[in-house]
Amino acid sequence: MATSRNPESSALVSAYRNLVPVRARRRIVAGIPQPVRQSVARTLAGVDSARSAVVARAIAGRRGGEDERGTVRVVQEAGRHLRALEIPGITEWAARARNLHFLVGLLEDAGVDYFCVRGTAKGLPAVAVPARLREEVEDLLAYACEQEPCYVGTGNGGLRPGAQPATWRRLRSARVVRVAWVVCDPTGRLVFGAGSGCDLEFWGEEDGELVAPRPNRVVTQVPAGSPTVQAPQALFSRVPVLYTTGQARTLPEFTAHLPEDHTFPVDVVYTWVDADDPVWRESKERTRRLLGHEDPGGPALHEQAANDARFTSRDELRYSLRSIHQYAPWVRNVFLVTAGQVPGWLDRDHPGLRVVDHREIFSDPTALPTFNSHAIESQLHHIRDLSEHFLYLNDDVFFGRPTSVGHFFHANGLSKFFMSKALIPTGRALPEDLPVNAAGKNSRGLIAQQFGTFVSQKMKHTPHALRRSVLAEIEHTYARAHHITQHARFRSPQDVPIASSLHHYFAYHSARATVGDLRYVYIDIGDRAAQQRLDRLSARRDFDTFCINDTVVPEDRDAQERMVRRFLDDYFPVPSPYERTDAVGLPTRRLTDLGCAY
């Protein structure tokens with residue numbers, strides 16, 4: 001028998017009570033009937049569920065829903081010192097959702113007319129109130145800002161403490177006000193202020209019509225008193241699909257799908273290997289012997305086709321997953337493609353994660369085992385339940401700041417790709433070519449043969465936006481090249497880079513992809529300036545995505561690993577829900593050891 005939950009026990013209700021002093025709450029709700037207050041409490045309680053524990057904690061600002069106040073500390077944002085509430089597990093999307101949730105909750109509990117707005121240029125959540133209620137709203141926010149670090153401003157300049165009357169006098173002429181309850185993670189490295197705030201729009205009234213103070217892409221003039229509807233807050237401030245943050249009022253026009261809305265799901269696929277796994281290493285060496293690569297006069301491998309640097313794992317996958325959790329909440333599912341390996345720290349029970357063995361996806365099992373990333377990438381579209389649109393990432397690729405689906409796909413489904421300034425050398429593929437250059441030449445040959453164009457640019461080391469249907473068509477169109485690539489157990493001069501190059505050029509020539517624009521940086525950790533570049537990246541955090549990579553075995557592997565680990569710990573201090581909390585120091589596990597049939 002289902003039991004009804006007590007809405008008054010919600011962590012969010014507790015947060016609201018800690019946010020606004022008792023005297024102010026009494027004044028705010030004095031004229032509001034008890035049924036309305038109960039309805040508000042139920043709305044606030046809607047986020048509290050087992051699947052929403054992370055969001056509930058982040059929005060409420062409490063550990064496990066406890067009532068005591070969090071720690072307030074002084075932090076820096078954009079060169080200014082601000083007071084911030086310390087929240088374990090905070091993310092950028094949760095900070096945005098928290099600001100919208102608090103603002104909506106305050107307005108509803110005070111009985112203030114409002115509606116949420118979509119389609120503003122800034123992309124932040126926005127809430128509209130009639131300008132005639134401005135004084136009442138300012139008083140309400142001033143009360144709230146007395147109790148928890150809250151700042152307001154125009155969004156163009158610096159934020160000011162919202163509890164100071166002088167602040168509101170300075171903003172009196174501003175028709176859009178940015179509101180931000182500033183939060184940070186326990187390390188103080190992640191601070192979410194103005195850039196994660198919520199905009200409050202004051203709509204003027206002219207001839208019985210409410211008029212927006214700035215453009216949006218839906219509607220800027222409506223009759224005063226227009227009926228509103230309930231819609232998920234996630235429509236205005238996106239959160240991962242597994243979570244919910246409650247409902248809010250809006251106009252019916254703002255609930256309709258817009259031409260720029262991405263209505264299709266997007267998954268992420270990783271290929272991953274732990275080269276320190278003794279089972280995997282023994283399989284690799286046995287395969288080399290069987291193919292004669294160890295024999296004098298036998299078939300030679302390029303030194304970069306199988307060297308240890310290609311397979312080294314520094315726990316980058318853990319931090320790449322953290323970057324998804326922090327900056328790409330729109331990702332639906334994550335698929336981890338491995339050679340029967342599972343990182344010891346990975347939570348395989350997370351509903352948005354699935355580990356996929358090579359044997360599940362290779363159309364010809366005799367091509368296994370393989371140690372060729374090109375071969376593995378050729379089979380990604382065979383992953384069961386994978387979405388049509390997905391991103392393919394190596395574990396050394398990271399999201400560096402908040403991103404949207406629009407960075408990688410158009411709303412009509414076309415994919416985007418990101419060309420590098422680096423060029424593919426001219427001529428045919430030769431055994432002495434670097435594997436990446438040989439593969440690029442082969443891809444160019446296929447495109448030239450079918451479309452008559454000469455492609456010369458490599459691709460950046462970014463997330464690759466792919467479509468299953470295009471990959472399936474490539475497998476059929478270039479059947480021989482696809483077969484050769486699938487069956488090359490190590491990188492070879494005959495490989496084709498299907499996922500990282502051929503897909504993009506093939507889709508572009510068949511009107512299914514466009515050239516995209518992404519702010520991106522590649523850092524070679526074997527370079528002498530690597531430490532300086534990592535320090536700059538950590539301080540500025542001004543790239544959409546970045547890649548940390550090396551192609552040769554370093555002289556001092558331990559020193560390099562310490563450098564990378566310090567950077568990643570600094571940049572991504574917040575654990576993701578893909579991590580087990582009891583897995584410190586656990587080694588890589590085998591799927592066969594976990595009761596799997598493969």
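Residues take their numbers from the sequence shown, with the count starting at 1.
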Task: From CA spacing to verdict: side chain to side chain contact (heavy atoms under 4.5 Å, CB included), Leu321, Trp345 - done: CA-CA 12 Å; Leu321 286 169; Trp345 49 265; 3.8 Å; yes
- [ ] Could you please spell out the steps behind the side chain to side chain donor-acceptor pair (under 3.5 Å) verdict for Ser576 and Tyr319?
- [x] CA-CA 9 Å; Ser576 77; Tyr319 297 95; over 6 Å; no
TODO: Please lay out, stage by stage, how Cys198 and Arg96 fare under the test side chain to side chain contact (heavy atoms under 4.5 Å, CB included).
DONE: CA-CA 7 Å; Cys198 181; Arg96 290 192 185 196; over 6 Å; no
Open item on the list: Walk me through whether His257 and Thr263 qualify under side chain to side chain donor-acceptor pair (under 3.5 Å).
Closed with: CA-CA 8 Å; His257 287 310; Thr263 58; over 6 Å; no
- [ ] With side chain to side chain contact (heavy atoms under 4.5 Å, CB included) as the test, would you mind laying out the steps for Cys184 and Leu85 before giving the verdict?
- [x] CA-CA 6 Å; Cys184 67; Leu85 182 68; over 6 Å; no
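Closest non-hydrogen pair, Val355 versus Glu360, comes out as O-OE2, 3.9 Å. Heavy atoms only, all atoms of each residue included: Asp544 and Thr403 are closest at O-CG2, 3.9 Å. Nearest approach of Arg189 to Pro573, heavy atoms of both residues: NH1-CB, 4.0 Å. The two atoms that bring His410 and Thr514 nearest to each other are NE2-OG1, 2.7 Å, heavy atoms only. Counting all heavy atoms, side chain and backbone alike, Pro463 lies closest to Thr545 at CD-CG2, 3.8 Å. Residues Ala375 and Phe362 come closest through the heavy atom pair O-CZ, 3.7 Å.
Put simply, the side chain of Leu391 does not reach to within 4.5 Å of the side chain of Val269, judged on heavy atoms. No side-chain heavy atom of Val127 sits less than 4.5 Å from a side-chain heavy atom of Asp199. A 4.5 Å side-chain heavy-atom check between Arg468 and Phe390 finds at least one atom pair inside the cut-off. Put simply, the side chain of Arg178 does not reach to within 4.5 Å of the side chain of Val152, judged on heavy atoms. Residues Ser373 and Val273 fail the side-chain proximity criterion, which asks for heavy atoms closer than 4.5 Å. Between Ser320 and Tyr270 there is a side-chain heavy-atom pair separated by less than 4.5 Å. Using a 4.5 Å heavy-atom threshold, the side chains of Gln457 and Lys421 count as separate. Side chains of Thr462 and Tyr522 form no contact here, defined as non-hydrogen atoms less than 4.5 Å apart.
Aromatic ring centroids of Trp93 and Tyr327 lie 6.0 Å or more apart. Remark: aromatic rings of Phe543 and Tyr520 are distant, center separation not under 6.0 Å. The aromatic ring centroids of His262 and Trp330 lie 6.0 Å or more from each other.
Gln326 and Thr91 share no donor-acceptor pair across their side chains, judged by distance under 3.5 Å alone. Side-chain atoms of Glu388 and Ser469 form a donor-acceptor pair, as typed in the model, at a separation below 3.5 Å. In summary, the side chains of Gln341 and Asp274 do not present any donor paired with an acceptor at a separation below 3.5 Å, with no hydrogens or angles considered. No donor-acceptor contact under 3.5 angstrom links the side chains of Thr370 and Asn372, judged on distance only. Gln379 and His382 are linked by a side-chain donor-acceptor pair at a separation below 3.5 angstrom, with hydrogens and angles left out of the test.
Relative orientation of the Phe409 and Phe264 rings is perpendicular, given thresholds of 30° and 60° on the angle between their planes. Taking the six-membered ring where the residue is Trp, Phe102 and Trp181 present perpendicular rings, their angle passing 60° and hence far from 30°.
Rounded to the nearest 0.5 angstrom, His381 NE2 and His503 NE2 are separated by 10.5 Å. Within the model, atoms CD1 of Ile383 and CZ of Arg354 stand 7.5 Å from one another, a figure rounded to the nearest 0.5 Å.
One finds no salt bridge joining Arg118 and Glu260 here, because no Lys/Arg side-chain nitrogen approaches an Asp/Glu carboxylate oxygen to under 4.0 Å. Classification of Arg318 and Asp315 as a salt-bridged pair holds, one side-chain N sitting under 4.0 Å from a carboxylate O. For the pair Asp276 and Arg557, the salt-bridge criterion is met [side-chain N within less than 4.0 Å of a carboxylate O]. A salt bridge links Glu86 and Arg73; the closest N-O separation between the charged side-chain nitrogens and carboxylate oxygens is under 4.0 Å. In summary, Glu579 and Arg322 engage in a salt bridge, as defined by a charged side-chain N under 4.0 Å from a carboxylate O. Taking a cutoff of 4.0 Å between a charged side-chain nitrogen and a carboxylate oxygen, Asp542 and Arg536 qualify as a salt bridge. At a threshold of 4.0 Å, the pair Asp267-Arg332 counts as salt-bridged, since one of the basic side-chain nitrogens sits closer than that to a carboxylate oxygen. In summary, Glu148 and Arg98 engage in a salt bridge, as defined by a charged side-chain N under 4.0 Å from a carboxylate O. Residues Arg565 and Asp570 are not paired through a salt bridge, judged by the lack of any N-O separation under 4.0 Å between the basic side chain and the carboxylate.
Environment of CD in Glu282: crowded, with over 12 heavy atoms of neighbouring residues, nucleotides or ligands closer than 6.0 Å. Asp517 CG: 12 or fewer foreign heavy atoms inside a 6.0 Å radius.
Residues forming a side-chain hydrogen bond (donor to acceptor under 3.5 Å, both in side chains) with Tyr571 (at least two apart in sequence, or on another chain): none. His504 pairs by the ring pair (Phe, Tyr, Trp, His ring centres under 6.0 Å) definition with Phe417, His464, not counting sequence neighbours.
Between the side chain of His389 and the main chain of Gly413, a donor-acceptor pair closer than 3.5 Å is present.
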